[in-house]
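Start at 1 with the first residue, then count along the sequence. As the structure lists them, so they are numbered: ligands from 1, and atoms in each ligand from 1.
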Amino acid sequence: MTTTTMTRVTSMIGAALLGLTALQASAAPEMPPIPDVQGDVVQADGDFKLKFSIGTTQSGAQYRGLEYFEKIVEQRSDGHIQVELFPGAQLGDDLQAVSALQSGTLEMTAPSTSPLVSMFPKFALFDLPFLFPTPDVADQVLDGEIGQQMLDDASTNGLVAIGWAENGYRQLTNSRHEVTAPEDLEGLKIRTMQNPIHLDIWRTLGANPTPMSFAELFTALEQGVVDGQENPWITIQSSRFNEVQDYATETNHVYTPFITLVSERFWSRLPADYQQLLRDAAKQMGDYERHVGRSMNDQIKQDLADSGMQITELTPEQVKAFQEKVAPVYDNWRDQIGGELIDQVRAASQ
Ligand code: KDG
């Protein structure tokens with residue numbers, strides 16, 4: 001191949017790549033800029049390496065939050081704590097990452113609460129359908145007494161729970177047909193998180209639910225092992241589910257938080273001032289990450305529609321039909337979660 005053809009070929013490849021990156025760049029919605037670091041440098045002894053693993057991808061709001069966490073911790077420790085980020089379940093899915101923290105082979109992770117319900121039964125509060133009518137109610141609970149009590153309860157079994165972030169309000173997608181009523185779910189194979197309440201929700205709604213790790217979801221959708229799934233808009237886009245799903249229904253049926261966890265073995269090696277630095281950084285990361293996800297929902301819905309997905313926004317009457325059909329789930333789980341806790345959250349939305 002003569003040099004000119006090479007250059008022509010290379011320039012063509014270059015152009016194609018540029019085109020591609022431009023396309024990808026155009027696909028990724030504008031994220032709010034990462035804020036400046038607030039607070040002074042923390043003086044403390046020792047140098048530390050911290051690996052932080054998550055299951056969602058690099059183009060999601062959660063990863064953006066981690067980038068802010070990394071910036072705060074490295075700047076305010078004057079480089080004495082080095083943070084390495086691992087998105088996309090590179091170091092394992094939620095359950096694998098949590099057990100890696102317990103064995104001390106990983107320092108931090110931020111899973112959804114749903115896969116951890118067998119370890120922390122009270123987390124099931126977040127899996128009850130339609131319990132958090134607005135983000136405000138979610139913030140009141142996470143940043144209030146209930147949220148703090150849950151962090152304290154989860155600081156056991158080799159784990160230290162230091163903060164909350166947000167996965168978000170979950171939306172249904174599928175590859176078969178538009179869903180506007182529970183009856184449309186008849187016979188649809190829906191992937192759920194590995195969580196007994198989510199299985200109960202979709203069974204009660206008339207679908208055929210299958211529990212599965214998030215790390216296996218895209219392939220299962222692509223191969224038609226399951227017809228549908230449910231996740232927040234930001235996760236639907238950042239995981240490119242719109243490439244294997246044609247229909248989305250804005251159900252907002254469950255609010256899922258992320259909980260920020262540290263390995264107790266790593267934590268106990270940190271000087272107290274660095275422990276406080278990680279707590280401060282986790283708080284700022286969580287607040288920023290909530291803002292990122294919420295500020296992008298409308299833009300993402302538009303992008304998904306532009307990508308060819310049929311987005312269905314339910315009327316209040318249609319939402320009510322889902323709420324009424326799924327109400328029995330509360331009777332099944334009230335005792336395990338605690339009626340008082342559920343009533344406290346309900347009171348917060350009055
Ligand atoms: O680590 C990623 C999971 O925490 C998260 O995406 C869970 O919403 C989730 C799902 O559907 O598995």
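- Formation of a donor-acceptor pair under 3.5 Å by the N208 side chain with backbone atoms of G187 is not found in this model.
- Within the cation-pi definition used here (under 6.0 Å to the ring centroid, within 45° of the axis), R170 does not qualify as a partner of Y255.
- Below 4.0 Å from some heavy atom of N167 lie the following atoms of ligand 1, by number and element: 5 (C), 6 (O), 7 (C), 8 (O), 9 (C).
- Checked by distance only, ligand 1 and E230 stay at 3.5 Å or farther apart across all their nitrogen or oxygen atoms.
- Formation of a donor-acceptor pair under 3.5 Å by the Q90 side chain with backbone atoms of P87 is found in this model.
- When heavy-atom distances to ligand 1 are checked against a 4.0 Å cut-off, T235 has no atom that comes that close, whether in backbone or side chain.
- Of the protein's heavy atoms, D94 OD1, 2.4 Å lies nearest to atom 1 (O) of ligand 1.
- Only side-chain heavy atoms of R170 come within less than 4.0 Å of ligand 1; its backbone N, CA, C and O stay farther off.
- Checking side-chain atoms of Q318 against main-chain N and O of T315 turns up a donor-acceptor pair under 3.5 Å.
- Counted within 6.0 Å of CG on D45, heavy atoms from surrounding residues, nucleotides or ligands total 12 or fewer; the atom is thus considered open.
- Against a heavy-atom cut-off of under 4.0 Å, F258 is close to the following atoms of ligand 1: 4 (O).
- Of all the atoms in ligand 1, the ones that sit under 4.0 Å from a non-hydrogen atom of N231 are 8 (O), 9 (C), 10 (C), 11 (O).
- Ligand 1 has a nitrogen or oxygen under 3.5 angstrom from a nitrogen or oxygen of S112.
- Shown in contact with G55 at under 4.0 Å from a heavy atom are these atoms of ligand 1, numbered in order with element: 1 (O), 2 (C).
- With distances taken over non-hydrogen atoms, the option nearest atom 12 (O) of ligand 1 out of E216, M212, Q62, R191 is R191.
- When the options I201, T204, L205, T251 are evaluated for a side-chain contact (heavy atoms from CB on, under 4.5 Å) with P129, the one that passes is I201.
- Judged by a 6.0 Å distance limit and a 45° cone about the ring axis, R346 is positioned over the six-membered ring of Y330.
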